[in-house]
Student: 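Below are the structure tokens for one structure; questions will follow.
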Amino acid sequence: MIRLPLLSTVIKNLFKKPATNPFPKTEPVPVPENFRGKIVYNVDKCVGCRMCVTVCPAGVFVYLPEIRKVALWTGRCVFCKQCVDVCPTGALQMSDEFLLASYDKYDSKFIYVTPEEAEEIKKKQEELKKAKAQAKAKKSQ
Ligand code: SF4
Ligand code: SF4
């Protein structure tokens, strides 16, 4: 005699709703708290301590000595969160963003602080330095 132990389960399930999320027709499944998504870098908060460069296992960071900031190519990131934990100023955070597919591995969405942006930061820092020196000179007059 042929045994079909799963037959009743199969028939029952034929009349149930599919237990799938038909993304992209719907929103993706919500991420949990403390989800490790794409790294976010706040260049203004960065003090150039280089701790992130030291701990990152994937070589995401390049230190920019002229401006005491870091440049990131997050295309290499393995989402380990070590840089976020070690950063003393909170300049690095993990976002909820996980839809990161791209045709271009050097897509601008993966890069923080391009050479042009570094140049702008340098100019701003020099202007600030000048303004501070002038204010100091005025005070001592
Ligand atoms: S999360 Fe990990 S791999 Fe990604 S940038 Fe930070 S330290 Fe590097
Ligand atoms: S650890 Fe934070 S403050 Fe230090 S260089 Fe990296 S981003 Fe900047």
Side-chain angles (χ1 to χ4, degrees), residues 2-141:
I2 301 170
R3 285 187 164 196
L4 294 168
L6 290 178
L7 188 61
S8 63
T9 309
V10 170
I11 291 171
K12 266 187 222 161
N13 278 311
L14 280 176
F15 300 98
K16 284 186 183 167
K17 268 190 179 174
T20 53
N21 182 37
F23 180 79
K25 283 184 192 163
T26 59
E27 288 295 311
V29 175
V31 296
E33 212 180 312
N34 297 327
F35 177 78
R36 296 183 195 168
K38 187 190 154 194
I39 286 283
V40 177
Y41 174 50
N42 184 336
V43 71
D44 295 328
K45 281 189 177 177
C46 178
V47 292
C49 68
R50 278 180 278 179
M51 294 297 278
C52 52
V53 186
T54 307
V55 297
C56 180
V60 166
F61 299 90
V62 175
Y63 183 58
L64 306 172
E66 283 206 324
I67 56 171
R68 292 179 57 83
K69 304 284 179 189
V70 286
L72 287 75
W73 176 46
T74 63
R76 298 181 75 112
C77 179
V78 296
F79 305 92
C80 68
K81 197 173 172 263
Q82 293 198 77
C83 57
V84 175
D85 291 340
V86 83
C87 179
T89 64
L92 295 163
Q93 298 294 328
M94 303 214 82
S95 69
D96 285 348
E97 198 182 342
F98 64 92
L99 298 172
L100 302 170
S102 173
Y103 286 107
D104 177 6
K105 67 179 183 174
Y106 297 121
D107 192 320
S108 60
K109 71 179 174 185
F110 300 135
I111 297 171
Y112 284 104
V113 189
T114 59
E116 295 77 31
E117 286 165 347
E119 202 53 46
E120 263 180 44
I121 293 170
K122 194 179 162 189
K123 271 186 201 161
K124 274 187 194 161
Q125 285 178 342
E126 279 168 0
E127 279 167 19
L128 203 70
K129 228 180 176 180
K130 262 188 201 168
K132 271 187 185 170
Q134 278 171 359
K136 210 179 172 185
K138 259 190 186 175
K139 250 189 181 179
S140 60
Q141 272 172 10

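When reading the values below, keep in mind they use all heavy atoms of this one structure, side chains included, and skip hydrogens, waters and symmetry mates. Both ligands and their constituent atoms are indexed starting at 1 by order of listing.
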Student: Please list, in number order, the atoms of ligand 1 under 4.0 Å from a heavy atom of C77.
Tutor: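 So the atoms of ligand 1 that pass are 1 (S), 3 (S), 4 (Fe), 5 (S).
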Student: Determine whether T114 and E117 make a side-chain contact, defined as any pair of heavy atoms from C-beta on separated by less than 4.5 Å.
Tutor: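 T114 reaches E117 side chain to side chain.
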Student: Any atoms of ligand 1 less than 4.0 Å from a non-hydrogen atom of V78? List them with their elements.
Tutor: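 So the answer, numbered in order with elements, is 3 (S), 4 (Fe).
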Student: Excluding waters, how many protein N/O/S atoms sit closer than 2.8 Å to atom 6 (Fe) of ligand 2?
Tutor: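 My tally for this metal is 1.
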Student: Under 4.0 Å, counting heavy atoms only: does V55 come that close to any atom of ligand 1?
Tutor: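 It does not; every heavy atom stays at 4.0 Å or beyond.
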Student: Should the proximity of K81 to ligand 1, defined as any heavy atom under 4.0 Å, be assigned to the side chain, the backbone, both, or neither?
Tutor: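 Backbone only.
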Student: Pull out every atom of ligand 1 sitting under 4.0 Å from any heavy atom of C56, numbered as shown with elements.
Tutor: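 Answer, ordered by atom number: 3 (S), 5 (S), 7 (S), 8 (Fe).
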Student: Is it true that a side-chain atom of S102 and a backbone atom of D104 form a donor plus acceptor pair closer than 3.5 Å?
Tutor: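 Pair found, side chain donor or acceptor close to backbone of D104.
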Student: Compare all side-chain heavy atoms of M94 with those of I39 and state whether any distance is below 4.5 angstrom.
Tutor: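 Of all side-chain heavy-atom pairs linking I39 with M94, at least one is under 4.5 Å.
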Student: ring-ring contact (aromatic ring centres under 6.0 Å, His included): which pairs involve residues 8-37, sequence neighbours left out?
Tutor: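 Every ring-ring contact (aromatic ring centres under 6.0 Å, His included) pair that includes a residue of residues 8-37, provided the two are not neighbours, is F35-F98.
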Student: Mind checking whether Q125 and R68 have side chains closer than 4.5 Å, heavy atoms only?
Tutor: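 They are not in contact (no side-chain heavy atoms under 4.5 Å apart), so the answer is no.
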Student: Pairs in or reaching into residues 56-93: which pass ring-ring contact (aromatic ring centres under 6.0 Å, His included), with residues at least two apart or in two chains?
Tutor: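 Found W73-Y106.
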Student: Show me which atoms of ligand 1 lie under 4.0 Å from any heavy atom of C80.
Tutor: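 Under 4.0 Å from C80, ligand 1 has these atoms: 1 (S), 2 (Fe), 3 (S), 7 (S).
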Student: What residues, two or more places apart in sequence or in another chain, satisfy side-chain hydrogen bond (donor to acceptor under 3.5 Å, both in side chains) together with D96?
Tutor: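 Testing D96 for side-chain hydrogen bond (donor to acceptor under 3.5 Å, both in side chains), a comparison that skips the adjacent residues, returns none.
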Student: So do V60 and C83 actually touch side chain to side chain, heavy atoms under 4.5 Å?
Tutor: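 No, every pair of side-chain atoms sits at 4.5 Å or beyond.
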Student: Is any side-chain heavy atom of K69 closer than 4.5 Å to one of Y41?
Tutor: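 The answer is yes; the side chains approach within 4.5 Å.
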Student: Against V70, only a single residue in C49, C87, C52 fulfils side chain to side chain contact (heavy atoms under 4.5 Å, CB included); can you say which?
Tutor: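 With V70 as partner, C49, C87, C52 yield a single side chain to side chain contact (heavy atoms under 4.5 Å, CB included), made by C52.
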Student: Number the atoms of ligand 2 from 1 as they appear, then name those within less than 4.0 Å of a heavy atom of Y41, with their elements.
Tutor: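 Those qualifying, in numeric order: 7 (S).
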Student: Within ligand 2, which atoms have a heavy atom of T89 less than 4.0 Å away?
Tutor: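 The list of qualifying atoms is 3 (S).
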